[in-house]
Every structure is written in C-alpha cells, then in structure tokens.
Amino acid sequence: METITIVLLMLLAVVVSDSLIRVSPVPLPLPLVQIGLGAVIASVTSIRVELEPDIFFLLFLPPLLFLDGWRIPKEGLFRDKGIILEMALGLVIFTVVGLGFFVHWMIPSVPLPVAFALAAILSPTDPIAVSAIAARVPIPSRMMHILEGESLLNDASGLVCMRFAVAAMLTGTFSLPQAFFTFLWLAFAGIAIGVGVTIGVTKGKAFLARHLGEESGSQILISLLIPFGAYLLAEHLHASGILAAVAAGITMSYAENTGQSLALTRVRRAAVWDTAQFAANGAIFVLLGEQLPSIFMGAVENVQHGGGSSPWWLGVYVVIIYAVLVALRFLWVWASWRIALYRPLNHGGAAVKPSWRLVATMSFAGVRGAITLAGILTLPLLLNDGTLFPARDLVIFLASGVIILSLITAGICLPRLLQNIDLPVEDSHQRAEDYARIAAAEAAIMAIEKAQHDLATGRADADAFTDVATQIMELYRKRIDGRMHLGEEREQAARSEEIGKQLHITALKAERQEIYRLVRARRLESTIASKMVRDIDLLEARYG
C-alpha cells in the first residue's frame, strides 16, 4: 500500500505542477516546480522512497533515451553532425577531465575517480528542460536541433564515462588501453543490439499483422517494451544499454517510414508515449525534491567528517562547480564553433564569426536534468570490500544542486539572451513541403481514378462512383493549385486555407457539442456517441 501511495502522490504532483505553470504569471521552469512539490511531499508526510539504483536506472532511462532517438529530426542531426559530435563527445571528455580535477582539488575528501564520475554525469544536457524554460521565448529551430542532437549523444558518452570512473573506484585500477577497447565494445555492440532488436521486433509484428490483423493496443505495448528489451539484452552481454536504447529509437524512426502501422495505431501510440514521457520526466524531478532533505543531511555529514567544514560550504561548492561547468562549456563552444564556422574560407565562402550572445546562449542552454539525476542516483552504495562508497551523498547533493541552479540560471538568462539574437540564416523548408504536398495530392488523384474504375466496372450505378470521385479529386486539385501559386496569389491561397481550417474546426466543435447534448438528453446511446466523437477528434487533430 505504501508503494502504491508513493506512486500516486508523485503522479498527482506531476499533474499539479503542470497546472501551476499554466496559472503562474511568471515563466517558471516546469522541472523546478516539480522539485519544489517533491520537497513539499517530503516535509508534510512521513513517506520516504528507498531507491534501488539499478531499478531506478532501468525504469527511467531506456524509454526516455529511446523516445529522444525516435523523435529527433534526422535531417538536422546529419546537417550539423560536425558541431553535434564535437559537443557530444569532445565537450564531454573536456568536461570530465577539467571539472574532475577541479572538484578533487577543491574538495580533497572526494577521491579523483568519484570526482570524474561527478563530472561525467554532469556533462549530459537536457533539451526538455530547455524547452520548458524557453516556452515564452521560443528557441530557434536550428539551435534546438543542435541541443537535441548533443543531448542524444552526450547522454550515452557521459554515462559511459561515468561507468569507467565508478569501475576505477571499485577496483582501484584504470588501464587506458583496456578502457579504450572496452569502450569500443560497449559502443559498437550496444548500437548493434539496439538496431537488431528494433528491426527484429518490427519485422515480427509486421508479419503477424499481415496474417492475423493489427490490434492497436498490442502494437503500442510492443513499442513500449522495445527500449527495455534492447537495454536488458545489451547489459546482459556487457555492452552499453544506454547506446542500445538510443540506437533502438533512431532505428524505430526509420522503421516507421515504411508506414506499416494503421493510422489509428499511430495516433494512439503518440498519445501514450507523450503521456509516458511527461510522467517519467516529471516523476524524476518530483523524486529529486523528495530526496533533497535526506541528500542534504548526508552531504552535511560527509563535509563535516571530511574536514569539519560548515554546511554553508555546500552551497558555495554548488555555485563554483556550476560556474566552472558553464565556463568550460563556453570555452569549448567558442573554440569549436569558430573553427566550424570558419571552414567556408577553405572553399572560397565568407567566414561567419559566432557572436558572444550566441555562444553564451548555447552555454546557459546546457541545462542539466533527468539524465543527470537518474545517473548520479545509480552510484553504488558499497565498494567491493563492503565499505561505504566514498562521498556518495556529497556528490549526489552537488549534482542535484547543479541541476537546480542550472534551471534557475537558464530561466533568468535565456529569455534575455534569445531576444533579437543574431543567428545564421536557416534554410526554408517551404519549397520541400510544397513539393511533397503536390506529389501526395497527385498520387491521391491517381489512386482515386483507379479505384473509381475498379469499383464501378460492371455496376449499374457507375455514374455515382464517377460523381463522387470527381468531387474528391477536385479538392486535391485545389490543393495543388494553391501550392503552385507564387507571390500574392500564394498568400491569398494560404489565407484561404487558414480560414478553411478555422471554419472546419468551428464546425467540428459544434458537431461534438451537439452529440454531447443528445447524450445528456438521452436521445443517443453513449457507445454510438463515443464512436462519432472519436471520428470528429481525428478530423480536428488533422486540422490542428
């Protein structure tokens, strides 16, 4: 009963946090509100959560990483692959080395491997937290794509580096050649397992769907199980479950391009995954708030035992670590972006210098979030000889403090830095969208003509098929004409299309309200009403 109560309280806190954000007059970061609600739960109740690190890691990380890999725009990922790889791999190593040595120098009671573990887990960024912060001042799409790509890859690289640091602490030894070959196995085997699991599962379910039919519920459940299957299989083979989950998500996006699933399955699955992502991310931050009091007390004992320092030094340590983290990120972004943007000189193009505001925006946008918290909580409780893991509570508190401070600082700085920021011109995708819509409409017209001929052959009412087909094809021809116009004609067509959307949505809402009125008046059965409302909802989602 207590476990169920804890889960329900956390989910309730996630719901309440979303409501508080909506009514708040100031743009508060959603994760920060969830942390506060978790602290409230810890202060007003006697409920305490005893975390099992491995279980915590398994429950939260695979689905979140899988979904990131599934939904990230692949075109933006490949277009800016150079910058993304430099930040996702080079910046992680730069941060681990620089911050690791600094933390050990500043707090001698933290062993060097533990300091490296802390630096490694602080290196991944969280684009979801950035999106929540910048909701009132939207982040430019290309910058957001870079942040998403960086986060997708540095989750894996940061957590793998942390794994090496923890292993060095447990065994007391570290071999660079062994670490290098181990990293190769972790990376390539993890990626191969993730790709293989997704391809195998998608081909298997496609085979069953062809022979037995498709049921949306089972298809959605399979998609939820894929990241866990890839993660567990990779971990069983001593590969990287993190990279397996990421690779499974990326492969899933390509597998979905075959269009084998039913439209209804895709609509329902998207809703389920949105809910799962919202609940998982929110629960992690609520859990952080609930753990803060005990984390703080453990950190105080650790500091006092290590050197008799005042508990106030904990706040100082958090501020200094975050400042160093931002400084390292600023230096890396400034250097790597200058090199990347100067490359056109080699091809005769004009060089572009990144402004300090652009570099500062990317530096403060490196908000730490769910991945950092999930990773730091997986530190083992004991060493191999049975003694307590050194400075565990302290580094967990430092990581938690950096998460909170990064959210607060980004919430203050990002809206100001993003106003009128000078960004490189982004490519317009309007021409590609117009081409795709015209091609799709032409394919639809050809399919309707063929279906009309096949259905009407040999029937006495063939004229009815011709009339209906003509009406439908006329709608597609209008769509083609609207997309082929230029200048003022195109603007007029776009305005007409927008007006049509608004009128359709108004009509659909009126339909829905009338159906509900008939149900309340007991003039329509609820089962029929549910089917009709579902059809209306799908149409409205199309126009939305």
Side-chain angles (χ1 to χ4, degrees), residues 10 13-14 16-22 24-42 60 64 68 95 99 118 121-139 143-144 147-148 150-151 154-155 158 277-278 280-293 295-296 314-330 360-377 395-418:
M10 289 189 173
V14 174
V16 172
S17 68
D18 183 63
S19 301
L20 291 176
I21 288 295
R22 294 178 184 275
S24 173
V26 295
L28 293 173
L30 179 61
L32 203 58
V33 176
Q34 291 165 343
I35 291 171
L37 289 176
V40 170
I41 292 175
F60 288 101
L64 293 176
D68 283 346
T95 301
L99 186 61
L118 174 62
I121 203 57
L122 286 175
S123 58
T125 53
D126 188 352
I128 297 172
V130 177
S131 300
I133 291 170
R136 305 286 178 95
V137 186
I139 294 179
M143 181 181 290
M144 196 62 200
L147 289 170
E148 289 174 339
E150 176 198 4
S151 174
N154 69 14
D155 287 345
Q277 182 185 35
F278 178 74
N281 274 292
I284 287 177
F285 287 109
V286 173
L287 190 59
L288 168 58
E290 191 276 334
Q291 294 284 302
L292 272 181
I295 290 174
F296 177 74
L314 291 172
V316 175
Y317 291 152
V318 169
V319 172
I320 294 176
I321 290 174
Y322 177 67
V324 173
L325 203 59
V326 172
L328 291 173
R329 185 176 175 85
F330 186 94
T361 301
M362 289 299 297
S363 300
F364 284 110
V367 178
R368 274 61 189 177
I371 301 300
T372 293
L373 178 62
I376 200 66
L377 289 176
V395 295
I396 291 177
F397 176 81
L398 294 176
S400 305
V402 169
I403 292 172
I404 297 172
L405 186 58
S406 69
L407 290 169
I408 295 173
T409 307
I412 296 172
C413 297
L414 277 185
R416 291 166 174 78
L417 289 170
L418 286 168

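Taking CD1 from I121 and OG1 from T95, the interatomic distance works out to 12.5 Å, rounded to the nearest 0.5 Å. One distance of note links CG of D18 with CD of Q34; it measures 8.5 Å at 0.5 Å rounding. Separation of atoms OG (S123) and CG (L328) is listed at 11.0 Å; rounding is to 0.5 Å. Atom CG of L398 is separated from atom CG of L118 by 6.0 Å, given to the nearest 0.5 angstrom. Separation of atoms CZ (F330) and OG1 (T361) is listed at 10.0 Å; rounding is to 0.5 Å. Of the inter-residue distances, the one linking L417 atom CG with F364 atom CZ reads 7.0 Å to the nearest 0.5 angstrom.
The side-chain heavy atoms of R368 and L407, taken from C-beta on, include no pair separated by under 4.5 Å. For the pair L288/S400, a side-chain contact is recorded, criterion being any heavy-atom separation below 4.5 Å from C-beta on. Side-chain contact between T125 and R329 is present, with at least one heavy-atom pair separated by less than 4.5 Å. Put simply, the side chain of L30 does not reach to within 4.5 Å of the side chain of N281, judged on heavy atoms. Contact annotation: the side chain of L37 never approaches that of F285 to less than 4.5 Å [non-hydrogen atoms, C-beta and beyond].
Under a 3.5 Å cut-off, the side chain of S17 and the backbone N or O of V14 do form a donor-acceptor pair. Between the side chain of T372 and the backbone N or O of L122 there is no donor-acceptor pair closer than 3.5 Å. Using modelled atom types, no side-chain atom of S24 and backbone atom of L20 make a donor-acceptor pair closer than 3.5 Å.
For the side-chain contact (heavy atoms from CB on, under 4.5 Å) test, residues two or more places apart in sequence or in another chain that qualify with F60 are F56, A280, A283, I284.
Of all heavy-atom pairs between G369 and I403, the closest is O-CD1, 3.7 Å. Smallest separation of non-hydrogen atoms from A399 and I376: CB-CG1, 3.8 Å.
Screening V316, L405, V326, L99 for a side chain to side chain contact (heavy atoms under 4.5 Å, CB included) involving I321 leaves a single residue, L99.
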